[in-house]
Structure formats: structure tokens, C-alpha cells
S.K.: 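There's a structure below that I have some questions on.
A, B, ... follow the sequence lines: proteins, then strands. Residue 1 opens every chain.
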Amino acid sequence: MSLVILSWSITIAQVMLGLACACATSRILAGPRAQDRILGLDTLYVTIMLVLLTFGIRSGTNIFFEAALVIAVLGFVGTVALAKFLMRGEVIE
Amino acid sequence: MMARVFAYPRLSVFVLIVWLTLNQSISPGQIIIGTALGLFAAVTLSALQQPGLRAGNPVAILRLVGFVGLEIVRSNIAVARIVLRPRAERRSGFLTIKLEIDDPYALTVLACILTATPGSLWVNYDPRTGLLLLHVLDLIDEAEWASIVAGYEARLKEIFR
Amino acid sequence: MSGLTDLPLWAAILVSIFVLAGSAMTLIGALGLLRFRTFYERVHAPTLGASLGTVGVLAASMLFFSVTRERVVVHEVLIFLFITMTTPVTLMLLTRSALYRDRAEGQDDLPDVRSVEDR
């Protein structure tokens with residue numbers, strides 16, 4: 001019983017997160033300006049990290065957690081670099 | 001050199017805890033590596049010459065954390081309603097608020113709280129005039145936002161004296 | 001599907017509630033990103049996924065691994081710490097650069113963001 005509940009709810013959650021990824025991706029593609037695309041990319045990072053965590057629950061292994069942690073850290077650095085670039089035209093002043 | 005190694009005991013302990021959590025182990029070897037990392041972080045930070053932090057009153061800090069948690073849940077629901085509402089009923093805009101606090105750490109915490117709470121976004125702060133520029137998604141009542149910020153300020157004043 | 005079998009019913013229900021609530025919040029945030037008309041409205045939308053969305057999924061993961069491994073698993077707190085510390089910085093920087101760009105193109109109805117050191 002608990003197996004049925006859990007596998008269904010994780011599947012539904014993954015579908016919802018997948019739709020969220022699609023929304024973020026269409027914002028990246030649609031723009032209209034560079035800051036909108038960066039915002040979409042940032043949302044995509046966080047959502048994909050959550051997808052990895054749900055895969056971790058489904059498989060019961062730790063590997064997905066490590067990947068999620070790396071995405072959480074690197075996504076921040078990437079977005080900050082892009083935002084900085086928009087402001088000044090260079091990343092390191 | 002020794003003074004710089006032990007300059008930030010709270011930071012060193014925090015790094016140690018993060019390291020042990022990351023490795024999911026409290027074996028002596030990991031404790032040694034974590035302590036070394038924490039002390040190295042203190043040396044690195046003291047090279048930046050940050051202004052001194054005068055935080056106190058752990059009870060006030062816990063009360064602030066609880067208050068912010070509740071506020072984030074409440075505004076999550078509010079913003080979710082706004083997203084699902086039809087287009088016409090939305091009113092967002094910029095807002096200027098005069099801040100009373102001027103401690104850099106208190107301002108940092110306030111900036112993180114306001115931005116992490118859905119529906120409000122810290123945009124700019126001018127240290128000469130003490131004016132904060134805020135963007136809010138649900139700009140129905142300016143006075144209400146001012147009183148929310150004033151509530152945070154009062155709690156932060158209790159912590160950063 | 002190996003890890004899912006040995007879980008008591010109460011834990012399965014709680015994990016389901018957390019994971020569904022978290023992902024629903026993230027989806028609503030992403031919908032907001034799609035639906036809002038101006039950039040300054042859109043910038044509010046990702047905070048939904050970064051606050052309650054992340055908390056929900058992380059709580060589900062913590063509960064699941066704590067029950068199946070029969071010990072307290074708390075390393076998900078680290079992701080929570082990283083996300084809550086970094087998202088405000090990202091959004092603030094992005095909004096400031098967007099304002100800077102919009103003003104540089106002559107949209108004078110927007111407020112001025114030049115800080116003291118720029119003057």
C-alpha cells in the first residue's frame with residue numbers, strides 16, 4: 001500500500017516539476033530581454049535540483065543528493081556572473 | 001598569526017558543523033579536517049577586515065527565525081493566489097521606505113529576509129539618506145508594507161545593538 | 001524501485017504530502033514566471049520554488065531517508081542553507097542590473113539605482 005502511494009505521488013510530483021521546467025525553458029526561449037532569460041535559467045536550476053532530489057527518493061541512493069548539492073552551488077555562481085555581466089559588461093572588476 | 005587563526009570562533013564552528021554534515025560522519029579524522037578548514041576560513045576572512053559583529057540575545061534570534069518562517073509561508077500562499085488570479089487584478093510597483101537601522105549586518109539580514117519572502121524584493125539602499133527602494137508584487141497599501149518593514153527593523157534592533 | 005518497499009504507511013503518506021506540496025509550489029512559481037507581464041513582476045515568481053518548494057521536497061527527502069535508514073539524516077539542510085542564502089543575492093543583483101539597463105535606455109519612469117560609489 002505504501003509503495004503504491006509513494007510511487008504515484010513521486011510520479012505526479014515529477015510531472016509537476018517537469019512542467020515547471022518547461023515553463024522556465026519557454027521563458028528562456030521567449031525572453032524578451034537578457035534579464036528574463038537569466039531569470040528563467042535560475043528557475044530552471046532550482047527546479048532541476050528538486051527533480052534530482054525526487055529521483056533520489058525514488059531510487060533510495062545518495063548519489064542524486066550530491067548532484068543536487070553541486071547544482072545548488074554552481075547555479076548560484078553562474079547566475080551571479082551573468083547578472084554582473086549585464087550590469088557592467090565584465091564579470092570581474 | 002595566532003590571533004587571526006582564532007579570530008572568528010563562530011565561523012570556525014559553523015564550517016566544522018557543515019563539514020561533518022556533508023560527510024555524515026563524526027569520526028576523529030573528519031573532525032580534525034573540519035577544524036583545520038574552519039580555522040583556515042577564519043584566517044581568510046580576517047584578511048578581508050570585516051567590521052565587528054555585535055550580535056547577541058539568542059532568544060531574539062530564534063524569535064526572528066520563527067517569525068520569518070511564518071511570514072514566508074503566509075506570503076507564499078499570497079503570491080500563489082496572485083499567480084493563479086486573472087490578469088487584470090494585479091498591481092505591482094516600487095516603494096521607498098525610510099530605514100532607521102544602519103548596522104551593515106542588520107541591513108544584510110533585512111535584505112535577505114525581504115528578498116527571500118515572496119512578493120517583496122530589496123532593490124537598492126542609499127546609506128547617505130537611509131532610503132530603501134523596494135519592489136512589491138502586491139502594492140495595495142503602501143502603509144502596510146512600511147509597517148511590515150518597521151516590524152522587522154524592531155526585531156533586528158533587538159539583535160544587533 | 002528498491003528503496004520504496006520498506007516504508008510504513010504513515011511515513012509514506014507524510015512523504016507524499018511534502019513532495020506534492022513542494023512541487024506544486026514550484027510549478028505555481030514557474031507559471032508566474034510565464035504569466036507575469038513585466039520583468040519586475042516576474043522576478044518575484046522564482047522565490048516560490050526557492051522557499052516553500054525547496055523546503056517541501058527537502059523535508060520529504062529527509063523524512064524518507066531517516067525512516068528507511070533508521071537514523072537521522074539531516075544533510076539536506078545544507079541544500080536549504082545554500083538556496084536560502086544565495087537566492088536573495090541572485091535576485092537583487094539581477095533586478096539592479098535590469099533597472100540599470102532599462103534606465104540606460106531612457107525609461108525615466110523607473111527609479112534611479114546608482115549607488116554612492118558610482119557618483
Side-chain angles (χ1 to χ4, degrees), chain A residues 1-10 12-24 26-27 30 32-36 38-40 42-44 46-47 49-51 53-54 56-62 64-65 68-69 71-73 75-77 79-80 82-88, chain C residues 1-13 15-17 19-20 22-24 26-34 39 42-43 45-46 49-50 53-54 56-58 60-61 64-65 68-69 75-76 78-79 82-83 85-87 89-98 100-102:
Chain A
M1 185 62 194
S2 66
L3 174 69
V4 178
I5 294 175
L6 206 53
S7 67
W8 269 100
S9 59
I10 289 177
I12 295 170
Q14 282 172 339
V15 169
M16 285 200 280
L17 290 174
L19 284 175
C21 283
C23 291
S26 64
R27 181 48 74 195
R33 306 205 56 200
Q35 52 261 41
D36 295 292
I38 296 176
L39 192 64
D42 192 55
T43 316
L44 192 62
V46 175
T47 315
M49 187 204 76
L50 296 180
V51 173
L53 284 171
T54 57
I57 297 177
R58 168 156 292 190
S59 65
T61 60
N62 238 340
F64 290 104
F65 168 78
L69 194 65
I71 289 185
V73 177
F76 164 66
V77 178
T79 319
V80 165
L82 286 169
K84 226 31 214 166
F85 185 77
L86 277 193
M87 182 109 92
R88 308 278 189 191
Chain C
M1 285 282 185
S2 57
L4 292 183
T5 45
D6 46 356
L7 204 66
L9 189 61
W10 64 269
I13 291 173
V15 169
S16 304
I17 291 173
V19 84
L20 286 175
S23 47
T26 314
L27 178 57
I28 292 174
L31 275 178
L33 187 70
L34 209 57
F39 172 79
R42 272 177 221 138
V43 87
T54 315
V57 178
L58 287 176
S61 173
F64 177 80
F65 284 112
T68 50
R69 301 204 176 152
H75 61 326
E76 275 86 354
L78 287 179
I79 292 189
F82 279 132
I83 293 288
M85 284 193 301
T86 56
T87 313
V89 179
T90 316
L91 295 181
M92 267 182 258
L93 257 179
L94 204 54
T95 319
R96 289 173 64 103
S97 51
Y100 176 80
R101 284 177 58 135
D102 282 347

S.K.: What are the two closest non-hydrogen atoms of C:Thr54 and A:Leu50, and how far apart are they?
M.R.: CA-CD2, 3.8 Å
S.K.: Which one of C:Ile17, C:Leu78, C:Val43, C:Ile28 has the most heavy-atom pairs closer than 4.5 Å to chain A?
M.R.: C:Val43
S.K.: Check A:Met16 against C:Leu27 and note the closest heavy-atom contact, atom names and distance.
M.R.: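 Smallest interatomic distance, heavy atoms only, reads O-CD1, 3.6 Å.
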S.K.: Over all heavy atoms of both residues, which pair between C:Ala30 and A:Cys23 is shortest? Give the atoms and the distance, please.
M.R.: O-CB, 3.6 Å
S.K.: In Å and rounded to the nearest 0.5 Å, what is the OG to CG distance from C:Ser61 to A:Leu53?
M.R.: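 These two atoms lie 5.5 Å from each other.
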S.K.: How close do A:Pro32 and C:Arg42 get, heavy atom to heavy atom, and via which atoms?
M.R.: CD-NH1, 3.9 Å
S.K.: Rounded at 0.5 Å granularity, tell me how far CG in C:Leu94 sits from CG in A:Leu86.
M.R.: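 Output value for this atom pair is 7.0 Å.
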S.K.: Between C:Leu31, C:Leu9, C:Leu33, who has the most heavy-atom pairs with chain A when the cutoff is under 4.5 Å?
M.R.: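 With the most close heavy-atom pairs to chain A, the winner is C:Leu33.
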S.K.: If I compare all heavy atoms of A:Gln35 with all of C:Asp102, which pair ends up nearest, and what's the gap?
M.R.: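 The pair with the smallest heavy-atom distance is NE2-OD1, 4.0 Å.
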S.K.: Name all residues meeting the side-chain contact (heavy atoms from CB on, under 4.5 Å) criterion together with C:Phe82; count only those two or more places apart in sequence or in a different chain, and write none if there are none.
M.R.: A:Leu69, A:Val73
S.K.: Is there a side-chain contact between A:Arg33 and C:Phe39 in this structure, where contact means two heavy atoms from C-beta onward sitting under 4.5 Å apart?
M.R.: no
S.K.: Is it the side chain or the backbone of A:Asp36 that comes within 4.5 Å of chain C heavy atoms, both, or neither?
M.R.: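 For A:Asp36, the contact with chain C is made by backbone and side chain together.
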S.K.: Quick one: does C:Val57's side chain get under 4.5 Å of A:Met49's, heavy atoms only?
M.R.: no
S.K.: In a check of side chain to side chain contact (heavy atoms under 4.5 Å, CB included) between C:Thr90 and each of A:Val77, A:Leu82, A:Thr79, A:Leu39, which one passes?
M.R.: A:Thr79
S.K.: Side chain, backbone, both or neither: which part of C:Ala45 has an atom under 4.5 Å from a heavy atom of chain A?
M.R.: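 Answer is neither: C:Ala45 stays 4.5 Å or more from chain A.
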S.K.: Which heavy-atom pair separates C:Arg69 from A:Gly60 by the least distance, and what is that distance?
M.R.: NH2-O, 3.3 Å
S.K.: Could you measure the distance from the CZ atom of A:Phe76 to the CD1 atom of C:Ile83? Nearest 0.5 Å is fine.
M.R.: 10.5 Å
S.K.: Below 4.5 Å, heavy-atom pairs only: which of A:Val51, A:Val15, A:Thr43 has the largest tally toward chain C?
M.R.: A:Thr43
S.K.: With side chain to side chain contact (heavy atoms under 4.5 Å, CB included) as the test, would you mind laying out the steps for C:Leu34 and A:Ser26 before giving the verdict?
M.R.: CA-CA 8 Å; C:Leu34 209 57; A:Ser26 64; 3.0 Å; yes
S.K.: Which value, rounded to the nearest 0.5 Å, describes the distance between A:Phe65 atom CZ and C:His75 atom NE2?
M.R.: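 NE2 of C:His75 is found 4.0 Å from CZ of A:Phe65.
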S.K.: How would you list, by chain and number, every residue that makes a side-chain contact (heavy atoms from CB on, under 4.5 Å) with C:Ser16, sequence neighbours excluded?
M.R.: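 In terms of side-chain contact (heavy atoms from CB on, under 4.5 Å), with neighbours along the sequence ignored, C:Ser16 is linked to A:Ile5, A:Leu6, A:Ser9.
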S.K.: Please state whether the side chain, the backbone, both or neither of C:Phe65 comes within less than 4.5 Å of a heavy atom of chain A.
M.R.: side chain
S.K.: Against chain C, work out which of A:Ile71, A:Asp42, A:Leu17, A:Thr47 has the most heavy-atom pairs shorter than 4.5 Å and name it.
M.R.: A:Leu17
